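A short worksheet on the structure shown next.
Numbers restart at 1 for each chain; the letters A, B, ... are given by sequence-line order, proteins then strands. Computed from a predicted structure; not experimentally measured.
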Amino acid sequence: MLNHILKDLRLHRRYLLIFGFFYPLYMGYFGSRLSTPTVAAIFGAFLYALVPIIVFGREDKFKAVGFALSLPTTRREIVQSRYLLGWLLMIVFYLISSVLMLLMPGGQIDLGEVIAVRTVLLTLASMTFVFGTLMPLFVWFGMTGLMVFLVAMQVLGIVFLLLRFVVGRGAIAIVKALPRSISAAIAALGPAGAAAAVLAVLVLVNLISLGISTRVFARKEL
Amino acid sequence: MEYALEINKLSKDYGDFRLRGVTFALPKGHIMGLIGPNGAGKTTIIKLILNLIRRDGGEIRIFGGDNLAREVEIKSRIGFVHDTPYFFEHLTLTTIARTVAPYYPGWDERLFARLLDEFDLPPKKRFVKLSRGMKMKFALAVALSHKADLLILDEPTSGLDPVFRRDLLGRLSAFIQDEGKAVLFSTHITSDLERIADFITFIREGEVVFSAPKDEILGAWAVVKGGPELLAPDLRPIFKAVRKREFVVQALAADAAETRRRLGGSAVIEKATLEDIMFYLSKGNGHA
């Protein structure tokens, strides 16, 4: 597993340095202009989840996956190492941008908001949603998986708009009721219990995503 | 006899192409040539050995172990040279080697440096800047540097100059002097196999036509040239393939002795080369 991670870091060193400079810098500036880190957390998570996908996509472009698979390794190990590296990159980028957000001149955000459990969990949840959904699609379709994801999001948006148009505001209320009831259930656990429950769900979602990606990659013909 | 590679009833269905019941075995200490026309299934077999594609049926055993059940252990004993080497193109040869080396417990850095030197490969050059022949040499240097026990070479000599081709063949012959090692060599250049191969496996349309010792094949198969009388129905069973020109009929026979006995001096009977066999079985009208 470590060999794969070192291989990917060596292989994509230049790209990672470029992404690692511009993305956190941009997010640091963007986040510092906001009065609350919520938007920055969601937007940043989306941006950072794209980094590992773009990086892995480069290897597909070189057709080097076939070579990687001819090395003494298994398909399972390759997928696992990509998840691990993906999360490492997202977390490192997030930490850098959070520091920059606080240090940026003229910033409106204070430290307490950035490191608040709610902000951290929201960021991790956003990353999990984007990365956890994108990875199986990427493993299945390659870079086209990114397009599939974006189109699916747009279709989902259109469906909600149509639903609102056809059913009226009642549809929105139904959609909003679900997260509200989940939030209420989580809140009943107390702050520490709620955080632990959310973290457990996020870990579970990532494991499900990893399981799907592993199965898809096991069937992939190179 | 101990085998480096055993393939038993291997099958793969692509819809428009099927590999059917492929069976052959490569004993340790030998070189096997895998021949066949384009699209016969040679690369598919190699991809199946390396688990780059999924098999639909059958079994692949390498050094006695299933290639999927003991994948990591088996791959660490295989050196692989693909017809189009896909390394990490923008890296230098040294960096690629540094990336690949940790995967192999037996990696020999000194041997690698020596091979780069012998193959005239500049260590600081990027892989993408190498010619096709140099890429092949580099792939071979990597394969030899981790002290593989089984070399799998897919069209390794295409694009190589004759000097290096001879050098490569010499190296392969030297490689199998260690009786625990073996080479599976897929190629269209059958003259290379006539020099070094011990066994030949001929694949056509996804099926093994024959898999036998090279000397046995070259001793038994013959090209027959004669007139239209060769088309006589009672002679057809002795021919594996027949090509008809305006006044001349050429045929391929799998049993030279039987053919001589049946035809006597009424036709010209010559020893068949591997290229003849591949040509007639691929292009001739007949049955194998």
Compare all side-chain heavy atoms of Leu71(A) with those of Val100(B) and state whether any distance is below 4.5 angstrom.
-> yes

Heavy-atom count around Arg70(B) CZ within 6.0 Å, excluding the residue itself: above 12?
-> yes

Determine whether more than 12 heavy atoms belonging to other residues, nucleotides or ligands lie under 6.0 Å from atom CH2 of Trp140(A).
-> no

Look at atom CZ of Phe175(B) and say whether more than 12 heavy atoms of other residues, nucleotides or ligands are closer to it than 6.0 Å.
-> yes

Would you name the heavy atoms of Ser76(B) and Pro72(A) that are closest together and state the gap between them?
-> CA-CG, 3.5 Å

What part of Leu6(A) lies closer than 4.5 angstrom to a heavy atom of chain B: side chain, backbone, both or neither?
-> neither

So, the side chain of Glu221(A) versus the backbone of Arg54(B): is there a donor-acceptor pair under 3.5 Å, distance only?
-> yes

So do the side chains of Val72(B) and Thr74(A) get within less than 4.5 Å of each other, counting heavy atoms only?
-> yes

In this structure, are over 12 heavy atoms from other groups packed under 6.0 Å from Arg13(A) atom CZ?
-> no

Is the closest side-chain heavy-atom distance between Thr73(A) and Glu71(B) below 4.5 Å?
-> no

Which heavy-atom pair separates Ile53(B) from Arg75(A) by the least distance, and what is that distance?
-> N-NH2, 3.9 Å

Where is the tightest heavy-atom contact between Arg14(A) and Arg126(B), given as atom of each residue plus distance?
-> NH2-NH2, 3.9 Å

Does atom CZ of Arg118(A) have more than 12 heavy-atom neighbours, drawn from other residues, nucleotides or ligands, at distances under 6.0 Å?
-> no

Residues that Phe164(B) engages under ring-ring contact (aromatic ring centres under 6.0 Å, His included), provided they are two or more places apart | Phe119(B)

Heavy atoms, side chains only, cut-off 4.5 Å: are Arg10(A) and Arg98(B) in contact?
-> yes

Nearest heavy-atom contact between Phe80(B) and Ser70(A) is CD2-CB, 3.8 Å

Part of Leu91(B) within contact of chain A (heavy atom distance under 4.5 Å) = side chain

Which residues in residues 2-33 of chain B have any heavy atom lying under 4.5 Å from a heavy atom of chain A?
-> Lys12(B), Tyr14(B)

Is the count of non-hydrogen atoms from other residues, nucleotides or ligands lying under 6.0 Å from Glu179(B) atom CD greater than 12?
-> no

Quick one: do His90(B) and Tyr15(A) satisfy ring-ring contact (aromatic ring centres under 6.0 Å, His included)? Show the steps, please.
-> CA-CA 12 Å; His90(B) 61 291; Tyr15(A) 276 71; 7.8 Å; no

Less than 4.5 Å apart, any side-chain heavy atom of Leu11(A) and any of Thr99(B)?
-> no

Any chance CE of Met153(A) has more than 12 other-residue heavy atoms, nucleotides or ligands included, within less than 6.0 Å?
-> yes

